[in-house]
Amino acid sequence: MGKALSMQGERTRKPIQWSDLLFNIVNYTLLSLLLVVTIYPFYYIFIYSISDSFQAQSGVFLWPAGFSLESYKATLQLNGLQDAAIVSVLRTIVGTLLTVLCCSFFAYLITKKEMPMRRLIYRFVLVTMYFNAGFIPWYLTMKAYGLQNNFLLYVLPTALSGFNIILIKTFIEQLPPALEESARIDGAGYWTTFTRIIFPLSTPIIATIAVFSAVGQWNTWFDNFFLVENPNLQTLQLVLYNFLNQSNSISSMSAAEMTNSAEVRTMTPQSIQMTITMLVTLPIVVVYPMLQRFFVKGIMMGAVKG
């Protein structure tokens, strides 16, 4: 019986066509090249950051030029770096949670036909995606709200985002209306329906918004630079940015001044730049793969219709 099945399988197996084989070879070759082109810049930054600063100036390709962790050592020993890292982590966590909660509930309310002036409010949300008042009105508004030298400056202005609201609204509208209707029959209000039914079912798009928000919060330093003078509220990105500017100014010193600077003898602005890039990118690189499957599903389902 087994021999008969194996013989039947061999008979039904189609021979590989040369055209299919050629297509597979070209396809895998192009995808492999694309993979290398995508990964190599990050790999280059890593090997440059652990190379000897002066040997790396002659070029690195596949392996580090020498080995040195002086740039990491100098960067991690910066004054206020630990406090700035804590502020950045708190900003990312609190800002992401607030953005997800506010955007998702706001988008849920816009989907309700009984909400007064919901079409007008939704149009105002769309307008914010195309028009921006500019830097000076933004600066004056933040000061008028009392957000200068205030941690709330980092989380309140980003609590609502037009792009995020549109994605969540589109996703919620694709959910079966019978789920919400059954909850309303059982006496559930809007908040109960949202927290127990809509929000749990919207996990893919929520994860997508969380990724967008977390990356934005982690990388932003613009508001810190213009509106925060308190050193206890400085973010990691601003501290590293100032250190990079300091290293660039050190590299432009005269020869007599350079002899008095121990940093110049062990580091170059390029090595510091690569080290800072690694430090600010690594947390996102670690977190993103955990949410990737939700991210892909959410961004596809949330962008089917507007």
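On a predicted model such as this, the values are computed, not experimentally measured, just so you know. For the single chain, residues carry numbers from 1 onward in sequence order. Every heavy atom of this structure was used, including side-chain atoms; hydrogens, water molecules and symmetry mates were not.
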Do the side chain of [X] and the main chain of [Y] share a donor and acceptor less than 3.5 angstrom apart?
X	Y	value
Thr128	Val125	yes
Asn224	Thr235	yes
Asn230	Asn149	no
Ser182	Leu179	yes
Thr111	Glu173	no
Thr220	Gly216	yes
Asn27	Phe23	no
Ser88	Leu236	yes
Thr96	Ile93	no
Asn150	Leu152	yes

Step-by-step side-chain contact (heavy atoms from CB on, under 4.5 Å) determination, Tyr241 to Ile276: CA-CA 8 Å; Tyr241 174 77; Ile276 291 175; over 6 Å; no
Please check if [X] and [Y] belong to a single hydrophobic cluster, counting links between Ile, Leu, Val, Met, Phe, Trp and Tyr side chain heavy atoms closer than 4.5 Å.
X	Y	answer
Leu240	Leu238	no
Ile206	Ile110	yes
Leu153	Leu97	no
Tyr122	Tyr108	yes
Leu201	Phe171	yes

Side-chain heavy atoms of [X] within contact of [Y], under 4.5 Å:
X	Y	answer
Leu109	Arg118	no
Thr277	Phe42	no
Ile166	Leu126	yes
Tyr72	Ile50	yes

Shortest non-hydrogen contact from [X] toward [Y]:
X	Y	value
Cys103	Ser161	SG-N, 3.5 Å
Pro157	Leu147	CG-CD1, 4.4 Å
Asn219	Val280	OD1-O, 4.5 Å
Gln217	Val155	NE2-CA, 4.4 Å
Ala107	Lys169	CB-N, 3.7 Å

Once you measure the plane-to-plane angle for [X] and [Y], does it fall in the parallel (<30°), tilted (30-60°) or perpendicular (>60°) bin?
X	Y	result
Phe222	Trp138	tilted
Phe212	Phe163	tilted
Phe151	Tyr154	perpendicular

Give, for atom [atom1] of [X] and atom [atom2] of [Y], the distance between the pair rounded to the nearest 0.5 Å.
X	Y	atom1	atom2	result
Asn232	Ile86	CG	CD1	11.0 Å
Leu101	Ile209	CG	CD1	13.5 Å
Thr192	Arg184	OG1	CZ	10.0 Å
Leu167	Ile172	CG	CD1	11.0 Å
Leu233	Leu227	CG	CG	11.5 Å
Phe105	Trp191	CZ	CH2	5.5 Å

Should side-chain heavy atoms under 4.5 Å link Ile, Leu, Val, Met, Phe, Trp and Tyr, which residues sit in the same cluster as [X]?
X	result
Val26	Leu22, Leu30
Leu33	none
Phe124	Met117, Leu120

Under the side chain to side chain donor-acceptor pair (under 3.5 Å) rule, collect the residues that match up with Gln234, sequence neighbours excluded. none
Which residues pass the side chain to side chain donor-acceptor pair (under 3.5 Å) test with Thr275, sequence neighbours left out? Ser71
Sorted by chain and number, sequence neighbours left out, ring-ring contact (aromatic ring centres under 6.0 Å, His included) with Phe106 holds for none
Verdict with reasoning, Phe226 to Met142, per side-chain contact (heavy atoms from CB on, under 4.5 Å): CA-CA 11 Å; Phe226 286 101; Met142 295 300 105; over 6 Å; no
Looking at Tyr190, does the NZ or CZ of Lys112 lie under 6.0 angstrom from its six-membered ring centre and within 45 degrees of the ring axis? no
Are more than 12 heavy atoms from other residues, nucleotides or ligands located less than 6.0 Å from atom CG of Leu35? yes
What's the verdict on side-chain contact (heavy atoms from CB on, under 4.5 Å) for Ser202 and Leu175, showing C-alpha distance, side-chain angles and the deciding distance? CA-CA 9 Å; Ser202 305; Leu175 298 176; 4.1 Å; yes
After noting the C-alpha distance and the side-chain angles of Ile198 and Thr193, does the key distance pass the side-chain contact (heavy atoms from CB on, under 4.5 Å) rule? CA-CA 6 Å; Ile198 302 300; Thr193 304; 4.3 Å; yes
